[in-house]
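All remarks here apply to the structure that follows.
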Amino acid sequence: MQLINHNVPDDVVEGMKASLQEFFQLPAETKRRFAQQQGRLEGYGQLFVVSEDQKLDWADMLFLYAQPPEIRKTKLWPDQPATFRAALDRYSCAVKEVADSLLATMSENLGLKREVIADRCIGGLQSIRMNLYPPCAQADKVVGLSPHSDADLLTLVLQVNHVQGLQIKRNGSWFAVKPVEGAFVVNVGDIFEILTNGRYRSIEHRVVVDPKEERLSVAAFHSPNTRATIGPLKELVARADGEDVAYATVEHERLRELFFATKLEGKSFLERMKLPSTTS
Ligand SMILES: O=C(O)CCC(=O)C(=O)O
Ligand SMILES: [Fe+2]
């Protein structure tokens, strides 16, 4: 097995953490300068709001596309604190290298060439969701982030302060994820499940809220480039005799539209991409 030889320098991680903490502490009217525009995903606000009467997640977030650099909407990148843009830029580049290197290694471990997935990630999309989950005295009555799986290949999650809240679902039960100092939590996303025809499963997760303390996190989502077609890799499926193609093949752009148009609900998005079995 190949080892990963990329890491994110400590000062890049610390710079990101400090800038984000300062951003969230700004007065509401300053943060609103970077607010999401009507019908858009990017900016400061909420995601997956699809109806007037749905219960919102107990969190503030700042969602930005960061890679490839030409798609950045710099106007929505906070210029306060003054360190923010440079910190996010450095963080984004460093984390993308780690994700690309992980993807290449995972390809190899599947018996594929390193490039099979990596080639789709040249000019690949990276979006970054920075989350603040305020404390809630009735923490059991709210959810910080509704149960979902990520619609990407791999997500690298950085826990910014000491407060835990991320949970994963296994065999029907929720388990807390204890962050390891100096390490990322890596979530397998839906596109990785589709590409590998289910050899890797995306992980259902949610965030619970602490009754007393706020929690901050940074999730960096990595996806193929927007021109890529997403479907089970023929290199894998053709190799295995009689293996069903388990997921539909769709254009990446279409897949993203479908994902953001519905409320987060466990792995329901991926369920809709599944094809009926032909062998059973
Ligand atoms: O806050 C976290 O730890 C996870 C965030 C997350 O799952 C997401 O933004 O999709
Ligand atoms: Fe997530």
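Remember, predicted model here, so these are calculated numbers, not experimental data. All ligand and atom numbering here is 1-based and tracks the order in the structure.
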Between [X] (side chain only) and [Y] (backbone N and O only), is there a donor and an acceptor less than 3.5 Å apart?
X: Glu42; Y: Tyr65; value: yes
X: Asn197; Y: Val237; value: no
X: His222; Y: Asp152; value: no

Considering heavy atoms of the protein only, find what lies nearest to [atom] and give residue, atom and distance to 0.1 Å.
atom: atom 8 (C) of ligand 1; value: Leu145 CD2, 3.4 Å
atom: atom 3 (O) of ligand 1; value: Arg215 NH2, 2.8 Å
atom: atom 10 (O) of ligand 1; value: His148 NE2, 3.1 Å
atom: atom 1 (O) of ligand 1; value: Ser217 OG, 2.6 Å

Give the numbers and elements of all ligand 1 atoms closer than 4.0 Å to a heavy atom of [X].
X: Ala219; value: 9 (O)
X: Val157; value: 3 (O)
X: Asp150; value: 10 (O)
X: Asn131; value: 1 (O), 5 (C), 9 (O)

Scan Arg199, Lys274, Lys267 and name whichever one has a side-chain hydrogen bond (donor to acceptor under 3.5 Å, both in side chains) with Glu193.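 It is Lys267, the one option of Arg199, Lys274, Lys267 that forms the side-chain hydrogen bond (donor to acceptor under 3.5 Å, both in side chains) with Glu193.
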For the Fe ion (ligand 2), the closest N/O/S atom belonging to [X]:
X: Asp150; result: OD1
X: His205; result: NE2
X: His148; result: NE2

Please determine whether a side-chain nitrogen of the Lys or Arg among Asp100 and Lys96 lies less than 4.0 Å from a carboxylate oxygen of the Asp or Glu.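 Yes, Asp100 and Lys96 are salt-bridged.
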Point-to-point distance, once rounded to the nearest 0.5 Å, from CG of Asn161 to CG of Leu216: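 Reported value, rounded in 0.5 Å steps: 5.0 Å.
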Working to the nearest 0.5 angstrom, can you tell me the gap between Lys31 NZ and Leu62 CG?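 The CG atom of Leu62 is 10.5 Å from NZ of Lys31, to the nearest 0.5 Å.
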Asn187 N/O to ligand 1 N/O under 3.5 Å: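 N/O-N/O distance under 3.5 Å: no.
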Per-residue contact class, [X] against ligand 1 - non-hydrogen pairs under 4.0 Å:
X: Thr155; value: neither
X: His205; value: side chain
X: Gln159; value: neither

Give a yes-or-no answer on whether the side chains of Tyr44 and Asp60 include a donor-acceptor pair shorter than 3.5 Å.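 Yes.
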Take Gln80 and Thr30 through the test side-chain hydrogen bond (donor to acceptor under 3.5 Å, both in side chains) and record every step on the way to the result. CA-CA 8 Å; Gln80 281 187 49; Thr30 312; 5.0 Å; no
Is the distance from the ring center of Phe259 to that of Phe269 below 6.0 Å?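 Distance test on ring centres: under 6.0 Å, yes.
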